[in-house]
Protein chains: 2
Amino acid sequence: MSRKRLSRDDSREQTTQRLLDAAQKLIAKKGLDAASVENIAAAAGYTRGAFYSNFNSKDDLFIELLRRDHEKATAELNALRGDPSLPVDHVQSRARDIYGQMYRDNESFMIWTEARMLAVRDARFRAKLNALMTEKRAQIADFIRYFYERVGVAPAVPPEQLAMGFMSLAEGVKLYMMSSPAEMTGPIAESLLTVFVDSIMRLARLEADSTRRD
Amino acid sequence: MSRKRLSRDDSREQTTQRLLDAAQKLIAKKGLDAASVENIAAAAGYTRGAFYSNFNSKDDLFIELLRRDHEKATAELNALRGDPSLPVDHVQSRARDIYGQMYRDNESFMIWTEARMLAVRDARFRAKLNALMTEKRAQIADFIRYFYERVGVAPAVPPEQLAMGFMSLAEGVKLYMMSSPAEMTGPIAESLLTVFVDSIMRLARLEADSTRRD
DNA sequence: GTATCAGGATACGTATATGTATCTGAATAC
DNA sequence: GTATTCAGATACATATACGTATCCTGATAC
């Protein structure tokens, strides 16, 4: 193994990322409270000194972690959107895509749920988190608007609200799945998501038809 | 304030309940990890000695707390069910009832969400929690079955699964509401719940009609 | 009324947390 | 090559956690 020579900046950036990686794993695994600064630093191969040299506090690292994850997710969502080969009108499969992408892995999901819990309790943190959440919601709402246009129906419920509903269901289902995996299996989870989306879309279509007929 | 004379058993029972009350408040407010045994005992007006005299550990108290809350909820749900004056076929209002009852207050909701998070991480605890969750789900499923019967439609999705969907949505919405109260307002939350329930029921009805026509 | 018993307080031992202050060695500047 | 600077290690000062072992005091038994 060849020891690379790194510039100061590169080295610093590397430790920052390693600390974030370690934090993601540990916070997902043990929870935000239980994951100590010491644990995180050690898991990344450093000491607390390195931690405090790169972050002001655990909260500081945490919000940074969420930001990083959010940016990753945004990039993936945009990629999904940009892909013109997918049949846009297959609403269910698209819903599955977004759902699958929303919490790409369990770690990602867990840190966001931890974040929500913290936000409930800490007003300062809540403000920071909500800035990210609002972006997320806007992205999903855009997708929904797009669907409606494609299907040619006016949404009965504002897309922003439907986005919140979709996100809520997705999060609820995912948490159910992780805490009761025996009951909320993968297929059931997907089925519930699609039933939700499908029902609303088909109902909208049916009503549009009947209105047209009047 | 007259100092009551209590028997040993009554006194013990009283401290147990006071400890549980204090724990509920504190765990909801600060989280399971942050709520220390010391804090809980002190808030209840006791010391750690009393705590360990009544519970084996924090986990032990926590599961007891959940059990107590679950029993309270069950009683209320049964009361709701037993009331024959309510128009059963108003599905939305019934859904609202159940939703409102599911997490009667924020404290109750928070401890259950804490429980889910712990269950994800601790297999032993998960087993205990799931025993309670299964009961909860069965109760909701019964309600759903009842609705379907009343409406006279065969459920396209098994009631057990719909129950899970309903619970997931309710929990997701509630968590959204508590972490982003500015966006997920009360009315929007209720609207989302009813849209979900309503869409599925109406769709089922519409399809039953069209099938009948074939 | 005296002996017993146990609920709950106090004390103890140990582990681990956060954050700051100081030190050190390797990367930069000149 | 020497001086400087700063990323990260070490040391320090506090605080707080859990759980057990012991003690005290008021309720029970007789």
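By convention in this document, chain letters (A, B, ...) are assigned in the order of the sequence lines, proteins followed by strands, and residues within each chain are numbered from 1. Computed over heavy atoms, backbone and side chain alike; hydrogens, waters and symmetry mates excluded.
Across the protein-nucleic acid pair, B/I40 atom CD1 and D/dC18 atom P stand 8 Å apart, rounded to whole Å. The separation between A/F55 atom CZ and D/dG8 atom P is 11 Å, rounded to whole Å. The CD-P distance, from A/E13 to D/dA7, rounds to 13 Å in whole Å. When the P atom of C/dA27 is taken as reference, atom CG of A/D10 falls 12 Å away, rounded to whole Å. Regarding A/K30, its NZ atom lies at a distance of 7 Å from the P atom of C/dA17, rounded to whole Å. Remark: P of C/dG7 and CG of B/L19 are 13 Å apart, rounded to the nearest angstrom. In this structure, A/L32 atom CG and C/dT18 atom C1' are separated by 14 Å, rounded to whole Å. In this structure, the OH atom of B/Y52 is 15 Å from the C1' atom of C/dA11, given to the nearest Å.
Between B/S36 and B/D9, the residue whose closest nucleotide on DNA chain D is further toward the 5' end is B/S36.
Between the side chains of B/E135 and B/Q139, not a single donor N or O lies within less than 3.5 Å of an accepting N or O. With 3.5 Å as the limit, one finds a donor-acceptor pair spanning the side chains of B/S36 and B/N39. Counted by atom type alone, B/T134 and A/E183 present one or more donor-acceptor pairs between their side chains at under 3.5 Å.
The CE atom of B/M177 sits 8.5 Å away from the CD atom of B/E190 when rounded to the nearest 0.5 Å. Note that CG of A/L32 and CG of A/D59 are 7.0 Å apart. Values are rounded to the nearest 0.5 Å.
In this structure, B/W112 and B/H70 have perpendicular ring planes: the angle between them is above 60°, well past the 30° mark.
The side chain of A/S11 sits closest to D/dG8 out of D/dG8, C/dA17, C/dG8. The nucleotide whose nearest atom lies closest to any side-chain atom of B/R12 is, among C/dT18, C/dG8, D/dA9, C/dG8. Of the candidates D/dT20, D/dA17, C/dA9, the closest approach to any side-chain atom of B/E38 belongs to D/dA17. You'll find that the side chain of A/S53 is closest to D/dG8, out of D/dA17, D/dG8, C/dG8. Comparing D/dA11, D/dG8, C/dG7 by their nearest atom to the side chain of A/R48 picks out D/dA11.
Residue B/T15 has no polar side-chain atom (N or O) positioned under 4.0 Å from OP1 or OP2 of C/dG7. A sub-4.0 Å separation between OP1 or OP2 of D/dA17 and a side-chain N or O of B/N39 is present. Remark: A/N54 is in phosphate contact with D/dG8, judged by side-chain N or O atoms under 4.0 Å from OP1 or OP2.
Within a 6.0 Å sphere centred on NZ of A/K29, heavy atoms belonging to other residues, nucleotides or ligands number 12 at most.
In this structure, B/D33 reaches neither bases nor backbone, as no heavy-atom distance under 4.0 Å exists between it and the strands shown.
Not less than 6.0 angstrom separates the ring centroid of A/Y99 from the ring centroid of A/F166.
Taking a 4.0 Å limit (strictly below) on heavy-atom distances, residues 56-66 of chain A does not reach DNA chain D anywhere.
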